[in-house]
Amino acid sequence: MRITNIGSSDKASFYVACELYHQILNHPQSRLGLATGGTMVGMYGYLVDLLTKNKLDVTHIETFNLDEYKGLAPEHSASYNYYMHQILFDRYPYFNEANLHLPNGMAQDVTAESERYEQLLADRGPIDIQILGIGENGHIGFNEPGTPFDSVTHCVDLTESTIEANSRFFNNKNDVPRQAISMGLSSIMRAKRIILLAFGKHKKDAITKLVNGTISTDVPATILREHPNVDVYVDDEAMPDYINESSRV
Ligand code: PGA
């Protein structure tokens, strides 16, 4: 795992947008694993700029989002389907809608929907670049502490800390869904390359544990230390006070 403090969230956002841009340019049939959340807003903004200025063909790009809230329709303003359309797919409207995949939060049978999504990942994958944020509790996707490392796409009970952190996207905390469908940790680990972004002092503890802590399901992101190709980009505030050299391999 390589951790890089690139100086600011803005620089990191631009750098990672360039990485995605080059992936699309060099491999126009790439499969991209996409993340939502506040951390990603700047990165998608730069990506839209790069795609627009360079008129890149994205019709053969396939995207797979990490997760979706259970019970939120795509047109709900806090759904991740809505987020992705607002921030990327509608702003660069040349993606092929049939290639844009998210779990269906409205599925009646969440087990069947989780199995469908996992099968889709198996059939269409592996993902070339998986983008990740990280929760303050060390979650990736919605894989909360205690999630087994061998988990595949599944229905998740959100923890109180995640509900609290995400309540800013809803009118009030009671509106935050209590469950979501998320790619599992082993689904994420199958990606060929992983890029994780973390900004702000509220992420420092999770990044410190990710980089220096014991590999344990208590901090789900620590599984990434067992992946051969992970880049973590942080700003000054999220940068750990020290880096254990053994975690840089
Ligand atoms: P955030 O969420 O980007 O809104 O902080 C990240 C996450 O919970 O994975």
Side-chain angles (χ1 to χ4, degrees), residues 6 8-10 12-17 20 32-47 64-70 72 77-84 86-88 102-103 105 127 129-147 151 153-154 156-170 173 175-185 187-189 191 194-211 217-224 227 230-239:
I6 200 162
S8 71
S9 58
D10 190 52
S13 299
F14 181 63
Y15 185 83
V16 173
L20 285 179
L32 304 178
L34 300 181
T36 53
T39 308
M40 303 298 154
V41 172
M43 187 276 289
Y44 287 126
Y46 282 121
L47 181 59
F64 300 87
N65 266 83
L66 282 166
D67 43 22
E68 179 60 286
Y69 288 113
K70 181 169 179 275
L72 294 197
S77 63
S79 77
Y80 289 157
N81 199 316
Y82 187 90
Y83 173 108
M84 287 310 306
Q86 287 287 307
I87 208 152
L88 177 61
L102 289 98
I127 283 171
I129 297 184
Q130 174 68 56
I131 302 294
L132 291 177
I134 187 169
E136 292 170 44
N137 63 4
H139 74 206
I140 48 175
F142 270 135
N143 294 289
E144 302 283 29
T147 306
S151 54
T153 305
H154 62 299
V156 175
D157 292 325
L158 302 181
T159 61
E160 207 43 45
S161 106
T162 298
I163 291 167
E164 183 67 45
N166 289 6
S167 62
R168 68 191 195 279
F169 298 112
F170 293 82
K173 198 173 141 186
D175 291 345
V176 184
R178 268 40 190 174
Q179 289 186 309
I181 299 172
S182 177
M183 276 166 60
L185 293 168
S187 330
I188 292 170
M189 288 290 281
I194 294 176
I195 301 177
L196 186 146
L197 291 170
F199 307 138
K201 60 179 186 304
H202 59 300
K203 297 293 174 76
K204 181 175 173 175
D205 186 48
I207 293 297
T208 302
K209 288 176 178 155
L210 164 62
V211 172
T217 56
D218 292 346
V219 183
T222 54
I223 186 68
L224 299 176
H227 190 287
V230 178
D231 280 292
V232 177
Y233 291 100
V234 297
D235 62 1
D236 285 338
E237 291 183 317
M239 180 69 182

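Residue numbers count from 1 along this sequence. In each ligand, atom 1 is the first atom listed, and ligand 1 is the first ligand listed.
- Per-residue contacts place Gly133 under 4.0 angstrom from the following atoms of ligand 1 (heavy atoms of the residue considered): 9 (O).
- Looking only at protein heavy atoms, the nearest one to atom 6 (C) of ligand 1 is Ile134 O, 3.6 Å.
- The distance from the CD1 atom of Ile223 to the CD1 atom of Ile188 is 10.0 Å, given to the nearest 0.5 Å.
- Of the N or O atoms in Thr39, one or more lie within a sub-3.5 Å distance of an N or O in ligand 1.
- Residue Gly38 has at least one N or O atom closer than 3.5 Å to an N or O atom of ligand 1.
- Minimum heavy-atom separation, Ala206 to Gly138: CB-N, 4.2 Å.
- Heavy atoms of His139 come nearer than 4.0 angstrom to ligand 1 in at least one pair.
- Taking CD1 of Ile140 as the start and CE of Met189 as the end, the distance is 8.0 Å to the nearest 0.5 Å.
- Listed by number with element, the atoms of ligand 1 under 4.0 angstrom from any heavy atom of Gly37 are 3 (O), 4 (O).
- Looking at His202 against ligand 1, nothing comes within 4.0 Å, counting heavy atoms.
- In this structure, the ring of Tyr69 has its center less than 6.0 angstrom from the ring center of Phe142.
- Residue Lys203 has at least one N or O atom closer than 3.5 Å to an N or O atom of ligand 1.
- Here the closest heavy-atom approach between residue Leu66 and residue Ala35 is recorded as CD1-CB, 3.8 Å.
- Looking at Phe14, Phe199, Tyr15 one by one, the single match for ring-ring contact (aromatic ring centres under 6.0 Å, His included) with Tyr233 turns out to be Tyr15.
- In this structure, Lys173 pairs ionically with Glu160, as a charged nitrogen and a carboxylate oxygen lie closer than 4.0 Å.
- Under 4.0 angstrom from ligand 1, there are no non-hydrogen atoms of Leu132.
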